[in-house]
Amino acid sequence: MLKKKDLYNVAVMGATGAVGGQFISILEERTFPVKEIKLLASERSKGKALKFKNESYPVEMLGHKSFRGIDIVLASAGASRSLEFLPSAVKAGAVCVDNSSAFRTDKDVPLVVPEVNPSRIENHKGIIANPNCSTIQAVVALWPLHKAARIKRMVVSTYQSVSGAGQKNILELEKQSETVNKVVDSWMIGSHAVDKFLIKEFPYQIAFNLIPQIDIFLDNAYTKEEMKLVNETRKIMEDDSIGITATCVRVPVFFAHSESINIETEKKLTPQEAIKILSKSPGVVVVDDPANHRYPMPLDAEGRNEVFVGRIREDESVENGLNLWVVSDNLRKGAALNAIQIAELLIKHA
Ligand code: NAP
Ligand code: 3JN
């Protein structure tokens with residue numbers, strides 16, 4: 001349990017990473033009540049310094065003793081580090097908000113999106129899990145529609161930016177994209193294939209390409225990312241009867257994930273009713289003006305906190321169906337911001 005205080009000692013696990021960087025910026029932006037901040041990463045980062053509120057802090061190597069005196073841990077150093085180190089943090093008295101998949105399906109660990117199931121932060125046992133980025137933006141948009149008309153089935157296709165895979169993958173797209181000059185010069189089939197040595201992190205070239213595989217394949221021929229979306233959505237919406245199928249695709253976009261979502265509802269919802277509901281929903285901004293070519297796009301969502309919804313239209317192939325296009329910054333609402341909102345809820349309830 002978090003004790004009520006004016007200011008809290010906060011540890012950021014994975015501080016040098018893509019999500020870690022956003023943790024630091026958002027803590028500062030939201031004037032989170034930080035007394036002392038501890039920035040933790042691997043041995044590789046020993047000696048580095050990072051800025052928080054214009055002050056320089058040394059990055060420390062993560063260890064079991066890193067959590068003495070820490071009240072809140074914001075973790076984004078991967079699932080194996082969370083499994084290994086968060087129990088030590090809990091033993092030391094900290095409450096942990098974990099961005100990894102390590103504890104998300106554990107029945108004793110709440111999986112929380114503040115716009116959907118804030119009351120689930122109660123009864124935690126020291127760890128609260130933050131869902132996968134694709135799940136978060138989907139449920140922020142779908143929960144208000146589910147409450148109004150009960151979603152029976154959904155088909156989700158994701159278009160996930162490279163930043164979802166971490167810092168090195170952002171650089172990989174940047175490096176591969178630099179070959180664009182070569183394409184313009186020769187303009188031939190195959191001329192935009194990059195040199196093999198530029199393909200290191202993704203299984204294939206990502207620049208000028210799409211990769212319909214995120215994470216490993218499972219026995220059911222879905223990827224782990226696709227099954228995370230299915231299982232986490234059911235856990236957060238507390239409804240195992242919702243039919244959910246997903247296809248997750250990596251696209252050559254730096255920041256913000258996009259999703260095409262088709263839903264079938266028990267009760268009829270017109271597009272106009274859905275727009276009215278979503279326009280009043282927390283964390284959602286409706287951008288839906290086909291006449292003026294206005295719809296959500298990743299470039300517009302980059303650096304923003306909201307979940308943008310547009311292209312809201314009837315699925316004319318079924319009785320009660322809607323199509324939506326949902327875009328959000330995966331490093332912010334999809335990761336660091338959602339975790340910090342959970343920490344803010346913990347403070348409110350302390
Ligand atoms: P990243 O840019 O590759 O950063 C990884 C971070 O983890 C770095 O700070 C790295 O430190 C640290 N780290 C790696 N191995 C470590 C070790 N052995 N001990 C201590 N620290 C270690 O990756 P990212 O995009 O920030 O993602 C990090 C994790 O956050 C992911 O693995 C995932 O679990 C979670 N995540 C969740 C979502 C979500 O959907 N909610 C989205 C993205 C990421 P060094 O710099 O020292 O190597
Ligand atoms: O690829 C993306 O767009 C999201 C990636 C999330 C991710 C990456 C590495 C490990 C996760 C996650 O949050 O599920 C994990 C993990 O914790 O398993």
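None of the values given here were measured: they were computed from a predicted structure. When reading the values below, keep in mind they use all heavy atoms of this one structure, side chains included, and skip hydrogens, waters and symmetry mates. Both counts, for ligands and for their atoms, begin at 1 and track the order of listing.
Using a 4.0 Å cut-off to heavy atoms of Ser100, the atoms of ligand 1 that qualify are 34 (O). Taking every heavy atom of Ser76 and a limit of under 4.0 angstrom, the matching atoms of ligand 1 come to 6 (C), 7 (O), 28 (C), 29 (C), 30 (O). Counting atoms of ligand 2 from 1 in the listed order, those under 4.0 Å from a heavy atom of Gln160 are 1 (O), 2 (C), 3 (O). Counting the atoms of ligand 1 from 1 in the order shown, those under 4.0 Å from a heavy atom of Asn130 are 41 (N). Residue Ala41 approaches ligand 1 through these ligand atoms, each under 4.0 Å from one of its heavy atoms: 11 (O), 20 (C), 21 (N), 47 (O). Ligand-side atoms of ligand 1 in range of Arg44: 14 (C), 15 (N), 48 (O), range being under 4.0 angstrom from any heavy atom. The atoms of ligand 2 that sit less than 4.0 Å from any heavy atom of Glu225 are 2 (C), 4 (C). Here is the list of ligand 1 atoms found below 4.0 Å of a heavy atom in Ser45: 45 (P), 46 (O), 47 (O). Interface of Gly334 with ligand 1, defined as ligand atoms under 4.0 Å from a residue heavy atom, comprises 39 (C), 40 (O), 41 (N). Counting atoms of ligand 2 from 1 in the listed order, those under 4.0 Å from a heavy atom of Arg250 are 1 (O), 2 (C), 3 (O). The contact set between ligand 1 and Gly17, taken as ligand atoms under 4.0 Å from a residue heavy atom, comprises 1 (P), 2 (O), 4 (O), 8 (C), 9 (O), 26 (O).
Within the 4.0 Å heavy-atom criterion, the part of Asn99 lying near ligand 2 is the backbone and not the side chain. Within the 4.0 Å heavy-atom criterion, neither part of Ile136 lies near ligand 1. Here Leu62 has side-chain heavy atoms under 4.0 Å from ligand 1, and that is the only part of it that gets that close. In Lys224, neither the side chain nor the backbone holds a heavy atom less than 4.0 Å from any atom of ligand 2. If you look at Cys133 next to ligand 2, the close heavy atoms, those under 4.0 Å, all belong to the side chain. Counting heavy atoms under 4.0 Å from ligand 1, residue Arg81 touches it through the side chain alone. Contacts with ligand 1 closer than 4.0 Å are made by backbone heavy atoms (N, CA, C, O) of Ala15 only, the side chain lying farther away.
Atom 13 (N) of ligand 1 has its nearest heavy-atom neighbour, among Ala339, Ala77, Ser163, Gly63, in Ala77. When the heavy-atom distances from atom 42 (C) of ligand 1 to Ser80, Ala335, Ala79, Ala336 are ranked, the shortest goes to Ala335.
Taking hydrophobic clusters as Ile, Leu, Val, Met, Phe, Trp and Tyr residues chained together by side-chain heavy-atom distances below 4.5 Å, Leu337 does not share a cluster with Phe308. Both Val139 and Ile244 sit in one connected hydrophobic cluster of ILVMFWY residues. Membership requires side-chain heavy atoms under 4.5 Å apart, directly or through other members.
Checked by distance only, ligand 1 and Lys48 stay at 3.5 Å or farther apart across all their nitrogen or oxygen atoms. Here's the thing with Gly20: none of its N/O atoms is less than 3.5 angstrom from an N/O atom of ligand 1. No N or O atom of Ser101 sits closer than 3.5 Å to an N or O atom of ligand 1. No N or O atom of Ser100 sits closer than 3.5 Å to an N or O atom of ligand 2. At under 3.5 Å, a nitrogen or oxygen of Gln167, whether backbone or side chain, sits near a nitrogen or oxygen of ligand 1. Of the polar atoms of Thr16, at least one N or O is found under 3.5 Å from an N or O of ligand 1, judged by distance alone. Among the atoms of Gly14, some N or O lies under 3.5 angstrom from an N or O of ligand 1. Geometrically, ligand 1 and Cys133 share a nitrogen or oxygen pair separated by less than 3.5 Å. On a distance-only criterion, Ser161 and ligand 2 share no N/O pair closer than 3.5 Å.
From the protein, the heavy atom lying nearest to atom 18 (O) of ligand 2 is Ser101 OG, 2.5 Å. Closest to atom 13 (O) of ligand 2 among all protein heavy atoms lies Arg104 NH2, 2.7 Å. Nearest protein heavy-atom contact of atom 7 (C) of ligand 2 is Lys228 NZ, 4.4 Å. The protein atom (non-hydrogen) at minimum distance from atom 25 (O) of ligand 1 is Gly166 CA, 3.3 Å. Among protein heavy atoms, atom 5 (C) of ligand 2 sits closest to Gly164 O, 3.2 Å. Nearest protein heavy-atom contact of atom 43 (C) of ligand 1 is Val19 CG2, 3.6 Å.
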Take Asn99 and Asn130 through the side-chain hydrogen bond (donor to acceptor under 3.5 Å, both in side chains) test and state the conclusion after the steps.
CA-CA 5 Å; Asn99 242 300; Asn130 196 66; 2.9 Å; yes
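Checked against the 6.0 Å centroid threshold, His64 and Phe85 count as a close aromatic pair.
Heavy atoms of Ile214 approach ligand 2 to within less than 4.0 angstrom. Proximity of Pro131 to ligand 1 is established by a heavy-atom distance of less than 4.0 Å.
No side-chain heavy atom of Tyr295 sits less than 4.5 Å from a side-chain heavy atom of Asp288.
Screening Val327, Val326, Val140 for a side chain to side chain contact (heavy atoms under 4.5 Å, CB included) with Val309, the sole residue that qualifies is Val326.
Counting protein heavy atoms under 4.0 angstrom from atom 9 (C) of ligand 2 gives zero.
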